[in-house]
Amino acid sequence: MLASGFRCVVAAICVALGLLALQAGADPRDVAQIKSRQDKFRDMGGALKAINDELKKGRIDWDNTVVSSAQTIKNRSDYLLNWFPRGSGPESGIKTYALPAIWQNNNDFETLGKLAQVEAAKLNQVALSKEVNALKAQVEAMGKACKACHDSYRSPDFSKDNDN
Ligand code: HEC
């Protein structure tokens, strides 16, 4: 009687302990999966920014920056739809910005992923063509394809937590 009284005195503390236990007990495969996809997305974000920076500079370094960055975006995009196995959402107990809607509206999510793949393949072609106006247009189209998915399937908390 006394012991059970001690076990859970304040509901809020009990909830907090429960969440800690959940995090500690998270499946290591989910931890690896989520961390790895976040790393790869960061690579893609960095690569897209690098191309944008070249466009802003005016004198574009195609060989050292644009071609390799476009390749990174294309390579990553090709596999993007494999990074979201069921169970790797917030229910895993691991910090992720992936929204449950990914698995609820999976056809729509996959459609957006495939559209991004098409834009990434075009971006790669344009980078190889070294044509400035085409690059400008395709960087914009790529950015829209990334954003279309983020608007529906990435938590808005990402922008809050990352200040952008
Ligand atoms: C089909 C959907 C989809 C597409 C397309 C997509 N993303 Fe994302 N992106 C996500 C989701 C979902 C997350 C959250 C992942 C997580 O937190 O587990 C994310 C996270 C990110 C992050 C944050 C990674 C971190 O945690 O630091 C960046 C940066 C990013 N994406 C960039 C891009 C760029 C650049 C493109 C296009 C070239 C792109 N994404 C295309 C769904 C998408």
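Every number for a ligand or one of its atoms is a count from 1 in the order of the listing. What's counted below: heavy atoms across the whole structure, side chains too, no hydrogens, waters or symmetry copies. Remember, it's a predicted structure, so these values are computed and weren't measured experimentally.
- Close approach of ligand 1 to Tyr153 (heavy-atom distance below 4.0 Å) involves ligand atoms 12 (C).
- Nearest to atom 24 (C) of ligand 1 among the protein's heavy atoms is Gln38 O, 3.6 Å.
- Interface of Gly113 with ligand 1, defined as ligand atoms under 4.0 Å from a residue heavy atom, comprises 1 (C).
- Near Met142, the atoms of ligand 1 lying under 4.0 angstrom from a non-hydrogen atom of the residue are 38 (C).
- Distances under 2.8 Å from atom 8 (Fe) of ligand 1 pick out the protein N/O/S atoms His150 NE2.
- Between Lys40 and Asp43 there is no salt bridge, since no side-chain nitrogen of the basic residue lies less than 4.0 Å from a carboxylate oxygen of the acidic one.
- Taking every heavy atom of Ala98 and a limit of under 4.0 angstrom, the matching atoms of ligand 1 come to 14 (C), 16 (C), 17 (O).
- Between Ala26 and Val31, the closest heavy-atom pair is CB-CG2, 4.2 Å.
- For a threshold of 3.5 Å applied to N or O pairs, the pair formed by Thr96 and ligand 1 contains at least one separation below that value.
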Side-chain donor-acceptor pairs under 3.5 Å in residues 109-122, sequence neighbours left out?
unit_1, atom_1, unit_2, atom_2, d
Thr111, OG1, Asn107, O, 2.8
Gln117, NE2, Ser77, O, 3.1
Glu119, OE1, Gln138, NE2, 2.7

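- Summarising the geometry of Ala98 relative to Phe84, their closest heavy-atom pair is CB-CE2, 4.1 Å, with the distance given to 0.1 Å.
- Salt bridge status for Asp39 with Arg76: absent, with no side-chain N to carboxylate O gap under 4.0 Å.
- With ligand atoms numbered from 1 in the order given, ligand 1 contributes 5 (C) to contacts under 4.0 Å with heavy atoms of Ala116.
- Here the closest heavy-atom approach between residue Glu54 and residue Asp61 is recorded as OE1-N, 2.8 Å.
- Between Lys49 and Asp53 there is a salt bridge, since a side-chain N of the basic residue sits under 4.0 Å from a carboxylate O of the acidic one.
- Atom CD of Glu131 is surrounded by more than 12 heavy atoms from other residues, nucleotides or ligands within 6.0 Å.
- Of all atoms in ligand 1, numbered sequentially from 1 with element shown, those under 4.0 Å from a heavy atom of Arg37 are 15 (C), 16 (C), 18 (O).
- For ligand 1, the atoms sitting less than 4.0 Å from at least one non-hydrogen atom of Ile102 are 12 (C), numbered in the order shown with element in parentheses.
- For atom 25 (C) of ligand 1, the closest non-hydrogen atom of the protein is Arg42 NH1, 3.1 Å.
- Between Ile94 and Asp27, the shortest heavy-atom distance links the atoms CD1-O, 4.3 Å.
- Between Val126 and Ala134, the shortest heavy-atom distance links the atoms CG1-C, 3.5 Å.
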Exercise for review: Given side-chain contact (heavy atoms from CB on, under 4.5 Å), test Arg37 with Ser88 step by step and report yes or no.
Suggested key: CA-CA 10 Å; Arg37 82 175 166 227; Ser88 69; 2.9 Å; yes
